[in-house]
Amino acid sequence: MSRKEKDNSLITPERFMDEFMRLKRGSVSRRHFLGITGLGLAATVMGGAMRPFGSMAMAEDLGKQMSIATWPNYHDPATFEAFTAATGVAVEVNVFGSNEEMLAKLQAGASGWDLFVPTNYTISTYVQLGLIDELDLTKVPNFSAATENPRFTSEGKVDGKTFALPKNWGTTGFAVNTDKIKKPMASWKDFFEVAMTEADGRAMVHDYQLTTIGNALVSLGYSFNSIKPEELAKAEELLLKVKPHLFAINSDYQPAMRAGDAWLTMCWTNDGAQLNRDVPDIAYILGKDGGEIWTDYYAIPKDAPNKAAGYALLNFLMDPAVAVKEHIANGAPATDSRVIDLLPKEITSNKIVYPDEAALTPLEFGAAVTLTDPGRAELMARFKSA
Amino acid sequence: MASLDTRKKLVTAALIAPAALWLFFFLVLPFIAMVGFSFGERGAAGGYQPGFTLEHYANLGARSMAYVNTLTLAPIGSLLCLLIAYPAAYYLAVKSNPNHRLLLVSLVIIPFWTSLLVRTYAWMYILGSRGIPNLLDMIGIENVRMLNTPGAVLLGIVYGYLPLMIMPIYVSLEKLDRRLLEASADLGARPISTFFSVTLPLSLPGVMTGVALVTILLLGEYLIPQLLGGGKVFFLGNALVDLFLQSRNWPFGSAIAVTLVLIVVIVLMIAMRIAWRVSGTRQVDLV
């Protein structure tokens with residue numbers, strides 16, 4: 001068939017991913033990508049479809065500028081460009097390394113964010129401190145409660161009121177370079193043993209109390225969320241024993257794993273999927289003894305300077321056609337079945353991204369108290385400064 | 001005459017006022033606030049809650065390793081910088097061809113135009129498995145680890161702060177009166193004894209400035225231990241970032257920050273004393 005016909009026919013998932021990878025490698029322009037995949041057309045159509053809402057929002061005056069606080073490697077930059085093209089509002093993206101940093105910034109006041117991406121266990125704390133707004137769902141018509149899995153919507157609600165809408169979920173397991181480490185690994189117990197032996201000087205733990213202490217607790221047979229002093233003392237003992245063998249205490253573990261400096265690291269789903277895609281020797285493993293399952297949400301700060309734009313971007317991101325691109329870029333699993341239906345099969349059949357239900361059973365959601373407990377915060381600081 | 005004196009004083013006061021106000025609002029006031037915070041309590045969900053307690057000062061021992069690391073690695077780093085910087089500055093100021101001097105001095109300064117963060121990331125690559133260890137691997141030396149070691153931290157410190165040490169020493173050597181060297185030679189001193197009895201003492205104010213500048217900045221260092229030390233070699237700067245951003249224990253962080261300021265003041269006072277003594281004057285500009 002002629003090139004023109006080919007361009008106009010519906011794109012297959014395989015070809016979509018081919019083109020997408022070419023775009024990521026920089027061998028095709030974004031314009032070419034949008035044209036060949038039909039997403040450019042989709043954006044135009046969507047822009048038209050959004051007009052009624054758009055004009056309603058315009059009546060509220062979206063302004064020229066808004067700001068979102070989120071995680072590294074978490075969005076498709078084209079998403080924000082498309083939003084700016086549709087609404088005229090420029091999006092400033094602030095990147096953070098931990099929920100604690102976000103909380104510290106919001107507590108200090110005047111963060112300037114109109115939308116941000118907190119993790120499940122922080123939401124009740126934000127509500128309690130009066131830092132976020134109850135969401136007005138009439139301003140987010142693209143959100144569909146019916147197609148969301150309740151496992152992922154419940155923590156966005158406090159006392160029956162919705163304060164946050166889910167972005168995506170994921171797990172915290174570990175990534176291991178199977179070319180370097182031959183011992184089969186299946187649990188956090190294995191993780192800490194191998195970190196002190198076969199992976200001596202090559203293992204990384206997060207610079208994040210929730211996961212580093214949580215997984216040490218799990219390896220000892222305790223709950224990921226424990227704040228019992230005697231259990232925390234055991235976890236501290238283990239972490240201090242492991243510390244001299246570690247390569248680094250750092251949540252930015254992708255560069256070291258890719259370079260081969262580190263062979264073993266605590267790892268979040270989306271990073272695990274990206275690492276495994278580019279370096280097939282790197283496997284992503286969920287602890288059969290436990291670990292964390294998490295959901296990241298969107299919420300609007302109480303002191304947001306441009307709430308209208310915050311709602312407009314939230315609604316834009318809830319559109320399945322937009323969300324599907326976000327998920328392809330970021331690699332973490334979607335919470336909305338409308339989005340899952342649109343995702344290419346290579347993604348939905350990837351066991352790193354969508355693990356079996358059995359693998360998820362031992363995992364726990366982080367609890368609010370786990371984030372705010374001063375005992376855990378101080379333990380982490382002692383571990384790092386030891 | 002009195003009115004002229006008064007006018008002079010008024011003019012002086014008017015000239016000093018902007019700087020004094022700036023110092024007051026951006027240095028003294030925040031410091032007072034920080035001292036105030038350091039006696040308060042940690043809020044239930046973190047942050048600060050008014051109160052009065054000395055517990056945070058009593059608890060400083062919980063960060064003893066951060067004090068030890070900072071108070072050993074900052075002077076060691078500073079000394080290493082000095083050992084490399086002095087010959088370099090001497091060459092630039094005394095030995096180099098005056099026609100090339102500007103170019104050579106620029107080469108020392110130019111790296112400063114790039115963010116230290118970017119340059120430190122470059123070192124992460126050079127010291128990481130794909131860098132020098134990879135070259136060593138090719139000639140048969142396997143599995144060398146360079147990144148995230150105390151050596152890498154010291155290397156990063158020397159690399160990052162060397163220009164700050166070279167420049168003041170260069171300046172003090174540059175304005176050295178060459179006639180003194182000639183006189184020394186005429187009186188029969190060999191170059192080596194001229195260096196130790198004339199050049200070195202006259203450049204000591206520059207050395208003290210460099211040492212004070214580098215040591216003080218190193219006391220607050222955060223980035224290099226984090227990136228080249230893998231977050232395992234903890235400085236006071238890292239303890240502060242942790243306390244304000246992760247544990248959100250502002251009062252404890254403030255208490256540590258207050259002690260850090262006191263340490264800096266002590267270092268500065270000692271450096272000034274030494275500089276006064278060696279130069280025999282009370283007019284030494286350290287920073």
Side-chain angles (χ1 to χ4, degrees), chain A residues 96-109 122 124-126 128-129 131 180 200-202 204-210 243-253 255-263 368-369 371-386, chain B residues 41-49 59-70 121 124-131 133-134 137 143-149 152 225-236 238-253 256:
Chain A
F96 281 78
S98 73
N99 281 290
E100 281 89 339
E101 275 179 61
M102 281 189 179
L103 175 55
K105 191 91 197 266
L106 277 179
Q107 266 183 319
T122 62
S124 61
T125 306
Y126 283 125
Q128 193 193 327
L129 294 173
L131 293 171
K180 304 284 188 185
D200 192 358
R202 302 288 187 177
M204 293 175 77
V205 299
H206 289 172
D207 182 5
Y208 195 28
Q209 67 85 1
L210 187 94
K243 188 178 174 187
H245 302 280
L246 291 178
F247 173 71
I249 303 168
N250 192 337
S251 308
D252 186 20
Y253 42 83
M257 286 298 286
R258 285 172 189 268
D261 283 316
W263 300 343
V369 65
L371 178 80
T372 50
D373 180 58
R376 285 180 70 125
E378 196 49 28
L379 194 171
M380 188 66 188
R382 283 200 300 269
F383 162 60
K384 284 169 68 183
S385 67
Chain B
E41 276 161 26
R42 181 188 193 270
Y48 165 77
Q49 195 171 291
N59 199 22
L60 288 178
R63 294 294 182 280
S64 53
M65 272 317 284
Y67 283 95
V68 170
N69 283 336
T70 308
Y121 263 98
M124 284 174 74
Y125 188 87
I126 295 170
L127 298 176
S129 291
R130 289 170 178 172
N134 189 29
D137 201 60
N143 272 327
V144 175
R145 264 205 50 214
M146 294 185 156
L147 191 58
N148 296 358
T149 57
Q226 187 66 34
L227 293 182
L228 296 178
K232 293 186 298 174
V233 185
F234 218 60
F235 272 41
L236 285 174
N238 305 79
L240 288 177
V241 170
D242 239 40
L243 281 166
F244 280 95
L245 294 182
Q246 295 243 339
S247 328
R248 294 184 323 291
N249 192 342
W250 294 6
F252 192 23
I256 289 184

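Convention: sequence-line order gives letters A, B, ...; per-chain numbering from 1.
For Ala62(B), the parts lying near chain A are the backbone and the side chain together; criterion is any non-hydrogen pair under 4.5 Å. In this structure, no portion of Asp373(A) lies under 4.5 Å from any heavy atom of chain B. Of the two parts of Tyr125(B), neither the backbone nor the side chain holds a non-hydrogen atom closer than 4.5 Å to a non-hydrogen atom of chain A. The part of Tyr121(B) that comes within reach of chain A is its side chain, from C-beta onward, which places non-hydrogen atoms under 4.5 angstrom from that chain.
Counting heavy-atom pairs closer than 4.5 Å to chain B, the top-ranked of the candidates Ala259(A), Ala377(A), Ala381(A) is Ala259(A). Comparing Gln226(B), Arg248(B), Met124(B) by heavy-atom pairs within less than 4.5 Å of chain A, the highest count is held by Arg248(B). Contact tally against chain B (heavy-atom pairs below 4.5 Å) for Leu246(A), Thr372(A), Ile249(A): the top residue is Ile249(A). Between chain A and the residues Gly231(B), Pro133(B), Ala239(B), the largest count of heavy-atom pairs under 4.5 Å involves Gly231(B). Residue with the most contacts toward chain B among Gly260(A), Gly201(A), Ala256(A): Gly201(A) (heavy-atom pairs, distance under 4.5 Å). Put simply, of Gln209(A), Arg376(A), Arg258(A), the one with the most heavy-atom pairs under 4.5 Å next to chain B is Arg258(A).
Of all heavy-atom pairs between Ala248(A) and Asn148(B), the closest is CB-ND2, 3.2 Å. Shortest non-hydrogen contact noted between Ser129(B) and Arg202(A) is OG-NH1, 3.9 Å. Heavy atoms only, all atoms of each residue included: Gln246(B) and Ser98(A) are closest at NE2-OG, 3.7 Å. Looking at every heavy atom in both residues, Ala104(A) comes nearest to Trp250(B) through O-CZ2, 4.4 Å. A pairwise comparison of heavy atoms in Pro374(A) and Arg42(B) identifies CB-NH1, 3.8 Å as the closest pair.
At a threshold of 4.5 Å between non-hydrogen side-chain atoms, the residues Arg382(A) and Met65(B) do not count as touching. Proximity of Glu100(A) to Leu245(B): side-chain heavy atoms (C-beta onward) are nowhere separated by under 4.5 Å.
Listed by chain and residue number, Lys384(A) satisfy the salt bridge (charged side-chain N to carboxylate O under 4.0 Å, His left out) test with Asp207(A) (two or more places apart in sequence, or in another chain). Under the salt bridge (charged side-chain N to carboxylate O under 4.0 Å, His left out) criterion, Arg63(B) pairs with Glu378(A), sequence neighbours left out.
A donor-acceptor pair is defined here as one N or O able to donate and one able to accept, closer than 3.5 Å; no such pair exists between the side chain of Lys232(B) and the backbone of Lys243(A).
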